[in-house]
2 protein chains.
Amino acid sequence: MLIPEQDHSDIWNDQLSIPVLALDIVILTIYKGELCVIIVKTTEWKHQWFALPGGIVSRWYTLEENFDSILERKTGITGVYKEQLYTFWDKIDRDPRSHVIAVSYYALVGIDNFLSKVDFTKVDIVTFPQMQKLRMFYDHAEIAEYARIRLKGKLWYTNIVKELLPKKFRISQMQEMYEIILDRKLDKRNFQKKIFSIGVIKDTGEKDRSTNRPAKLYQFINKRVRVVDML
Amino acid sequence: MLIPEQDHSDIWNDQLSIPVLALDIVILTIYKGELCVIIVKTTEWKHQWFALPGGIVSRWYTLEENFDSILERKTGITGVYKEQLYTFWDKIDRDPRSHVIAVSYYALVGIDNFLSKVDFTKVDIVTFPQMQKLRMFYDHAEIAEYARIRLKGKLWYTNIVKELLPKKFRISQMQEMYEIILDRKLDKRNFQKKIFSIGVIKDTGEKDRSTNRPAKLYQFINKRVRVVDML
DNA sequence: ACAAAAGTGTTCCCCTTACACCCATGT
DNA sequence: ACATGGGTGTAAGGGGAACACTTTTGT
C-alpha cells in the first residue's frame, strides 16, 4: 500500500510550538565495484541541490509506513533492508521554512533489485567521492558518511552483507563486497576460513559457470540480518 | 539558562498533520553497587505510572537545549554526559492524546554529582530488577534496557566509564564499575594490565588512605569521552 | 596477630596473520 | 598452450584468560 502524499500546508505556521519531523534515507548499494548512494535533485529554495530522498513525516502513519511511502514515492524502490541511523537537529535553521528535525535511516539494496525497481527519472546514483563534490543539501553528505560508517561497523558482527548479495553467490563475490565496503584488501584463505568457521553460509551444490573455473555457489543460512560475529 | 516550560496547548489538535515530538531520558548512575535508573511518577491519564523523565520538544530550541531543559525541570540535574539512543514510534497510539514520536537519550551521572543536584521530591532511583516490577509508562522499561545495552557495548571501546567515576579514583573502583555494568567478575591482574597498556589513565601520585592498605589514585588522561579500544 | 584490600608475573592456548602453489575451465 | 579466477594448509606471533602469594596498613 502506497500512502498518498499528504497535505502538510498546515504546518508552515510560525506560531506552531513544535518542530516538523522529516525522514531522510541513505540508500546504499554496490554498483560497478563501488559503494554508491542514491540522491535526488531538488530545486526548492531557489538553488538546485542534491539531496537524500526524504519527506515530511505524517502523523497518521507509523515511522515504518512513512519510510516505505517516502522511499517509493521518491525513488520507486520497495522492500529494502533498513535501519534507523540518527535523529539530527544541530542547526536550528536546518530547513529555512521551519524548524525541522530529521530522523535518518539507511537502506541496503542489492543492485539487481535496485535496477529493476528504481525510477532513474527521479534519482541519480553516485559514488562517495562523487557525492563529496556535489552541492548537497544541508548536512546530507555527513548523514551519508555516517551511514557508511555504520555499515562498515556492522560487517564485523552481523551477516548484513546478505542484503547486498544475490541469493546465490560465489565466495569471491562476498569477499569483494567486504573489500569494497571496508575499502581494503582481504586475504582470500583467511576470509574463507573465517566465514566457513562461523557457519553463516552453506553450499548450494550448484556451480557458477560464468567464471573460468566453475565456482561453488553459496547462500546464507539465516533469512534475517542478525548478530553473528563475522570477522 | 533554563528554558521555561513551553505552552504546547496548540498541538493537541486532531487535525494537525504532523506528529508531536517528545524527548525521554534514561539517566543511569551507579548507586550502592548497582546500576540504577532515575524515574519520575506521573498521574496523567488516570492511572499512576512510573516513567522516564521526558517532555515535549519545543520548536524554538535545539534538541540539546530541549534536553537540558527537560532534564533540569524534571530532576534538577545539570551538566551530564549524554548520548542519543533511538527514535521510537512503534505503536501509533503510543500516547493517547496524540501521535507522539519519542527521541530517547541516555545520560550518565556520577553518584556524587547526582546526589548533590537531584531533587528527590521529583524523582526516584531504582535498580533494573526493581524497575522491571514497576508499572512503567508505555515502552519506557524497554528504552531503559536499550540504554543499558548501549552502555555495556561502549565500555569495550571507549573511556565512557569516566563519567561514572570521581575525578580521582582507585583502580579497584574502576574495575568495580566495569563489573557492575557488565554484570560479571573480572580478573584483577588482567584488568590492570589492560587498562595500563592502553594508557587512558595516569597515576596522580596521591594515595587513598580510606582503605586498609593505601591505594594509588588515578585519573583519566582525556577529558572527553572517546574511542580508545578499552577491553 | 589478624583482617582487609592492594599490588604484582608467568604460562598456555587460541585466534589472527602472513604467505604460494596447483586446479579446472574457456579461449 | 595459455590466461583467468578457484581452491587449498601451515607456521609464527600476539593477545586474552587462568591462576596465588606477598605487602601494607588499621584495629
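Chain letters run A, B, ... following the sequence lines, proteins first, then strands; residues in each count from 1.
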### Task
Check the distance between C:dT8's P and B:F191's CZ and give it to me in whole angstrom.
15 Å
### Task
Would you mind classifying the nucleic acid contact of B:K216 as base, sugar-phosphate or nothing, using non-hydrogen atoms under 4.0 angstrom?
sugar-phosphate
### Message
What is the separation between atom CZ on B:F169 and atom P on C:dA6, rounded to the nearest whole Å?
### Response
14 Å
### Task
Please check the phosphate of D:dG6 (OP1 and OP2 only) for any side-chain N or O of A:S172 closer than 4.0 Å.
yes
### Message
By nearest heavy atom, map B:N212 and A:Q192 onto DNA chain D; which one lands nearer the 5' end?
### Response
A:Q192
### Query
Taking NZ from B:K185 and P from D:dA17, how many angstroms apart are they, rounded to a whole number?
17 Å
### Query
What is the distance from CE of A:M174 to P of D:dG7, rounded to the nearest Å?
14 Å
### Task
Return the value, rounded to whole Å, for the distance between atom CD1 of B:I171 and atom P of C:dA6.
11 Å
## Note on the structure
Closest to the side chain of B:R189, out of C:dA18, C:dT8, D:dT24, is C:dT8
### Query
Nearest of D:dC19, D:dG6, D:dG16 to any side-chain atom of B:D187?
D:dC19
### Task
Return yes if the base of C:dT17 and the side-chain atoms of A:K193 contain a donor-acceptor N/O pair under 3.5 Å, otherwise no.
yes
### Message
Please report whether the ring centroid of A:F67 lies less than 6.0 Å from that of A:Y61.
### Response
no
### Query
With a 3.5 Å cut-off and just heavy-atom distances, do the side chain of A:R213 and the base of D:dT4 make a donor-acceptor pair?
no
### Query
Is a side-chain donor or acceptor of B:Q175 paired with a backbone partner of B:L186 at a separation under 3.5 angstrom?
yes
### Task
Measure the distance from CG on B:D203 to C1' on C:dA6 and round it to the nearest whole Å.
13 Å
### Message
To the closest 0.5 Å, what do you measure between CG (B:L182) and CE (B:M177)?
### Response
12.5 Å
### Query
Starting at CD of A:Q175 and ending at C1' of D:dG7, how long is that distance when rounded to a whole Å?
12 Å
### Task
Could you state the atom-to-atom distance from CG of B:L217 to P of C:dA6 in whole Å?
11 Å
### Message
Classify A:K188 by what it touches in the nucleic acid, base, sugar-phosphate, or nothing, heavy-atom distance under 4.0 Å.
### Response
base
### Query
Does the side chain of B:R170 get closer than 4.0 angstrom to OP1 or OP2 of C:dA6 through an N or O atom?
yes
### Message
Given 3.5 Å as the limit, does a donor-acceptor pair link the side chain of B:R148 with the main chain of B:L28, or not?
### Response
no
### Query
If you draw a 6.0 Å radius around NZ in A:K167, do more than 12 non-hydrogen atoms from other residues or ligands fall strictly inside?
no
